[in-house]
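Quick notes on the structure that follows.
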Amino acid sequence: MSVPLWSLFIAALMLVLTKAPVAVAQSRSGSGYDNAHPRAQQAGLTGWGARALASHHNMIEAFPVFAAGVLVVLVTGTLGTAANVLCLVFLLSRVTYTALYLLNLATLRSLVWGAGFVASLGLMLLPLLR
């Protein structure tokens, strides 16, 4: 399997993995994890828990743009070093983004988000550079 396909798979797993800190925050919220009404409980999260939830939501928002970029690369046959690097930049930026969000480092987090977004757009533009 190619780097873009593995990256797509890992990014899909990150949709679930970024939920883990949210679940931890919910469990520590005083009443334990409310599996009957998790969204209502998430709406009441503050501080670290609220940032974890926002980071998770942002991963959900970033995934389709990245997936579209990977699909463009696959459909157009523009696999290669540039595509591999852009995919790895996206994954690294998403891991870093989540950590920076949890640490409440907003400016640096935004810069890292930009790198991931540019990587996704770069995947879409690769066929134009052939």
Side-chain angles (χ1 to χ4, degrees):
M1 204 156 68
S2 66
V3 171
L5 282 176
W6 274 113
S7 298
L8 187 60
F9 176 75
I10 292 166
L13 287 178
M14 290 173 68
L15 293 169
V16 176
L17 294 175
T18 58
K19 174 67 166 72
V22 179
V24 169
Q26 288 176 261
S27 295
R28 294 179 180 170
S29 68
S31 58
Y33 187 90
D34 183 356
N35 196 43
H37 306 285
R39 290 181 188 227
Q41 186 182 32
Q42 290 168 2
L45 292 174
T46 60
W48 183 86
R51 292 193 306 276
L53 181 61
S55 176
H56 172 62
H57 285 165
N58 190 267
M59 183 62 206
I60 293 167
E61 295 163 1
F63 181 78
V65 179
F66 175 67
V70 169
L71 292 175
V72 166
V73 164
L74 294 172
V75 168
T76 61
T78 50
L79 295 168
T81 303
N84 293 348
V85 168
L86 289 170
C87 287
L88 295 175
V89 166
F90 175 81
L91 292 177
L92 181 61
S93 73
R94 294 312 307 175
V95 170
T96 305
Y97 176 89
T98 298
L100 293 172
Y101 217 137
L102 295 176
L103 294 170
N104 202 21
L105 298 170
T107 302
L108 191 53
R109 177 193 84 221
S110 294
L111 292 172
V112 170
W113 175 89
F117 187 67
V118 167
S120 294
L121 294 179
L123 289 168
M124 291 180 202
L125 295 175
L126 274 181
L128 300 175
L129 302 175
R130 284 178 66 181

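Owing to the predicted nature of the structure, the values given are computational and were not obtained by experimental measurement. Numbering of residues begins at 1 and proceeds along the displayed sequence.
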Hey, can you tell me if Phe117 and Trp113 have their rings parallel, tilted or perpendicular (30° and 60° cut-offs)?
parallel
Closest approach of Ala25 to Gly49 (non-hydrogen atoms, all atoms of both residues)
CB-CA, 3.4 Å
Is Leu105 reachable from Met59 through a run of hydrophobic residues whose side-chain heavy atoms are each under 4.5 Å from the next?
no
If I compare all heavy atoms of Arg94 with all of Met14, which pair ends up nearest, and what's the gap?
CB-CE, 3.3 Å
Please round to the nearest 0.5 Å and tell me the distance separating atom CG of Asn58 and atom CG of Leu53.
11.5 Å
Is NZ or CZ of Arg51 both nearer than 6.0 Å to the six-membered ring centre of Tyr101 and within 45° of the ring axis?
no
Indicate the atoms forming the closest heavy-atom contact of Gly116 with Phe90, along with that distance.
O-CD1, 3.6 Å
For a quick test of reading the model, state the closest non-hydrogen atom pair linking Gln41 to Ser31 and the distance between them.
NE2-OG, 3.9 Å
For a side chain to side chain contact (heavy atoms under 4.5 Å, CB included) check, start with the C-alpha distance between Cys87 and Trp6, then their side-chain angles and the critical distance, and finish with the verdict.
CA-CA 9 Å; Cys87 287; Trp6 274 113; over 6 Å; no
Measuring from atom OG of Ser27 to atom CG of Asp34, what distance do you get when rounded to the nearest 0.5 angstrom?
10.5 Å
So Thr18 and Ile60, do their side chains get closer than 4.5 Å, heavy atoms only?
no
Heavy-atom pair with the smallest gap, counting every atom of Thr98 and Ser55
OG1-OG, 3.2 Å
Do the side chains of Phe66 and Leu5 join up, straight or via other hydrophobic residues, at under 4.5 Å, putting them in one cluster?
yes
How far apart are the closest heavy atoms of Ala50 and Leu45, and which atoms are they?
CB-O, 3.5 Å
Are any side-chain N or O atoms of Ser29 and backbone N or O atoms of Gln26, one a donor and one an acceptor, separated by less than 3.5 Å?
yes
Would you say Leu123 and Phe63 are hydrophobically clustered, going by side-chain heavy atoms of ILVMFWY under 4.5 Å?
yes
Do Leu74 and Leu129 belong together in a cluster built from hydrophobic side chains that touch within less than 4.5 Å?
yes
Quick one: does Leu103's side chain get under 4.5 Å of Arg109's, heavy atoms only?
no
Can you tell me how far OG of Ser2 sits from CG of Leu8, rounded to the nearest 0.5 angstrom?
9.5 Å
Decide whether Val24 and Tyr33 are clustered together by the hydrophobic rule: side chain heavy atoms of Ile, Leu, Val, Met, Phe, Trp, Tyr closer than 4.5 Å, transitively.
no
Under the criterion side chain to side chain contact (heavy atoms under 4.5 Å, CB included), which of Leu126, Val73, Val3, Asn84 is the partner of Leu79?
Val73
Output for pair (Gln42 CD, His37 NE2), nearest 0.5 Å, gives 13.0 Å
Interatomic distance, Thr96 atom OG1 to Leu111 atom CG [nearest 0.5 angstrom]
12.0 Å
